[in-house]
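Inspection log for the structure reproduced underneath, given as C-alpha cells.
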Protein chains: 2
Amino acid sequence: MAQLRQVENFAYSTPKGTEWKPTPITNSFAVDTVLDAEAFSKLPVLIVRSGAIGLLHMLGDGRQTISVIYFEGEVLDFRHFGKTSGRATCLLPVSVELYSGDDYDNLQFQSTQFQMEQATKRAQQLIYASQHSVDLARKSAIEKLASFILESRKRQGLGRHLDVLLRLRRADIADYMGLRAETLSRAFTKLKKLGLIACDQADLVHITNEPGLRQLANGKVNWMKTRVQ
Amino acid sequence: MAQLRQVENFAYSTPKGTEWKPTPITNSFAVDTVLDAEAFSKLPVLIVRSGAIGLLHMLGDGRQTISVIYFEGEVLDFRHFGKTSGRATCLLPVSVELYSGDDYDNLQFQSTQFQMEQATKRAQQLIYASQHSVDLARKSAIEKLASFILESRKRQGLGRHLDVLLRLRRADIADYMGLRAETLSRAFTKLKKLGLIACDQADLVHITNEPGLRQLANGKVNWMKTRVQ
DNA sequence: CGAATAGTTGAGTAGTCTCAAAACAGGTGG
DNA sequence: CCACCTGTTTTGAGACTACTCAACTATTCG
C-alpha cells in the first residue's frame, strides 16, 4: 500500500510538554489514491490543505456513490470511521496535515479558539451533508447540477463570484449527485440552453443568470414550462 | 409560539461554581411541533430523551424532504444552525433535555468521558448522514425501504431482533427516503411479496429473511430477476 | 501519431411521479 | 352501537424522468 509507506516514512517526533505545538506533518497523494483507515492508525486526523477527498461507496452490483467530500480546511477523523463509511479516495491531487489523535485533542484543550473553530467545522460538515441529502432526495437532474454549482462556489469561498471552477471530474460529480455521467452531461446542456450558465472550458462554469440558477436549485422554477428543445 | 412559552416558563437557575452540574431541564413537545431556533436561543442544546426530531426542508414548489432525524440520545445543537438547515420538527411526541451553550460546553471541559461520548455522538451523526446519502443517491424504492428498516433497527438499539417498530408515519418515512408515499406503499407490498418482511400491524415489521433484506439493501440482489407479480 | 481516458449524444426501456379514487383507522356525537 | 367525519394508507392508470447500452467525439499522454 503506497500510502502506508508514505505515512510511516515520517518520524513521529512531536515533543511532549505542557506548552507545545505539534509539528505539522504534511503529506501528498495522487488522484484516485485510496486512503486506507488502517494506514492512518497512528496519525488518524487529516486536515485537507488542498484538493478534495471523497468517501466512495459501492453497492453490490457496482453502483457507485460519493457520500461526503472534504475540501480545503475540512477535517477527516479516521478515529470515527466505521465499516459503512466508505473508502476515502482522493478526487484531486491532495495535500493534508496529519495529527495523532492525542495531538489533535490536546490542541483543542489548550486553545479555546482552536476548539471552537474545529467544532464549527464539524458542525458545518453535518450541515453540508444535510443539504446534500436534500439535493439527492427529490431534485431533478438539472436542479441537482444547479445545486452542485452553487455548493461548489460556496465551499471554495468564492463569495458572489460568477466564475466557478468545477475541479471534480464529471464522473465524480455524477457519483456525488446521484446521477449517471450521461444524465449529468445532458443537464449541463440544458443549463446552457436555458442561459443560466456558459462554459468556455470544460470545468469552468460562468454563471450568466445567478437568480435563475438559485431559483432552479431551490425548486422554485417549474422549468418544464420553459422547456428547451 | 407554543414552544417559546414552554421554554421560558422554566427558570434558568443553574448554580455557577467550579464543580457543578447543570440541573437538567426537560421539556416535551407534541407531534408536528416546529422547534424554532430563535425560541431556543438561551437553551440551544437539545438532547433527545424520547421520540424523534427531523429537519424538514421544503422546496419552492412544495416538495418536502427530511434530511436528518435525531432519535433518542442524539444531540441537536441550535448554535450551529444555519438558514439551510431546515425546520426542526417533531416527528413523534418528543421529550428533550435542554442545556445552555455554556453549560453544555463546560460539561465537556470538566468530564473527559462526557466529552468523548459527545464527540462520538456527533461523529455518529455524520456517519448516519453519510449513509443516508448513499441510500438516497442510487437506490431503488424497494432498496431504500430495506435500508430504512435496517437503519431503524440499528438506531433503536435492537441488535439482531427481528421485530422492528417503524414509529414514523408513512409520509415521514417517504420524505426521509426521498420517495412519494404512494411509491413507499408499493415498496412495502413488494417486500412482503418477496417474503422478506411480514406486517401484522401497520408499523410493526417482522423481518422474515434478514440476509435477503440486507443483501437487497446493499444492492447485491438483482431483484428484477426475482420479480413479483 | 495512436492509444487510452474522459465526455457527449442518441434511442429505447424501466421505474418513479402524478393525479384520482378507494379503502382503512381513529375519534366524536347521536 | 352505528353513522359520520377526518386524516392516513393503499390501489390504479398514464406521463415523464433518468437509466441502460451503444456509438461517437474530445482530450490527454506516452
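First the proteins, then the strands, lettered A, B, ... as listed; each starts at 1. Keep in mind that what you see is a predicted model, and the values were worked out from it rather than measured.
- Both cation-pi conditions hold for Arg170(A) and Phe188(A): the charged atom is under 6.0 angstrom from the six-membered ring centre and inside a 45 degree cone around its axis.
- Between Glu182(A) atom CD and dA23(D) atom P there is a gap of 14 Å when expressed in whole angstrom units.
- Of the residues in residues 162-172 of chain B, none has a non-hydrogen atom less than 4.0 angstrom from any atom of DNA chain C.
- The shortest distance between the side-chain N/O atoms of Thr189(B) and the OP1/OP2 oxygens of dT10(D) is not below 4.0 Å.
- Between Lys192(B) atom NZ and dT9(D) atom C1' there is a gap of 10 Å when expressed in whole angstrom units.
- Whole-Å rounding puts the Leu145(B) CG to dT9(D) C1' distance at 14 Å.
- Asp32(B) has its CG atom 12 Å from the C1' atom of dT8(D), to the nearest Å.
- Taken from CG in Leu145(B) to CG in Leu179(B), the straight-line distance is 8.5 Å, to the nearest 0.5 Å.
- Residue side chain Arg180(A) does not reach the base of dT9(C) through any donor-acceptor N/O pair under 3.5 Å, judged by distance alone.
- Of the residues near DNA chain D, Leu184(B) and Thr183(A), the one whose nearest nucleotide (by heavy atom distance) lies more toward the 5' end is Leu184(B).
- Taking atom CG of residue Leu179(A) and atom P of nucleotide dC19(D), one finds them 6 Å apart after rounding to whole Å.
- The aromatic rings of Phe40(B) and Phe29(B) sit perpendicular, their planes meeting at an angle over 60°, well past the 30° parallel limit.
- Between Ser185(A) and Arg63(B), the residue anchored closer to the 5' end of DNA chain C is Ser185(A), taking for each the nucleotide with the nearest heavy atom.
- Separating the SG atom in Cys199(A) from the CG atom in Leu166(A) is a distance of 7.5 Å, to the nearest 0.5 Å.
- A salt bridge links Asp32(A) with Arg169(A): the distance from a Lys NZ or Arg NE/NH1/NH2 to an Asp or Glu carboxylate oxygen falls below 4.0 Å.
- If you measure from atom CG of Asp175(B) to atom C1' of dT16(C), you get 15 Å, rounded to the nearest angstrom.
- A donor-acceptor contact under 3.5 Å links the side chain of Arg186(A) to the base of dG10(C).
- Gln64(A) has its CD atom 17 Å from the C1' atom of dT20(D), to the nearest Å.
- The residues Arg214(B) and Glu151(B) are annotated as not salt-bridged, no charged nitrogen and carboxylate oxygen being separated by less than 4.0 angstrom.
- Atom CG of Asp61(B) and atom P of dC17(C) are 13 Å apart (whole Å).
- With rounding to the nearest 0.5 Å, the separation of CZ in Arg122(A) from CG in Asp77(B) is 11.5 Å.
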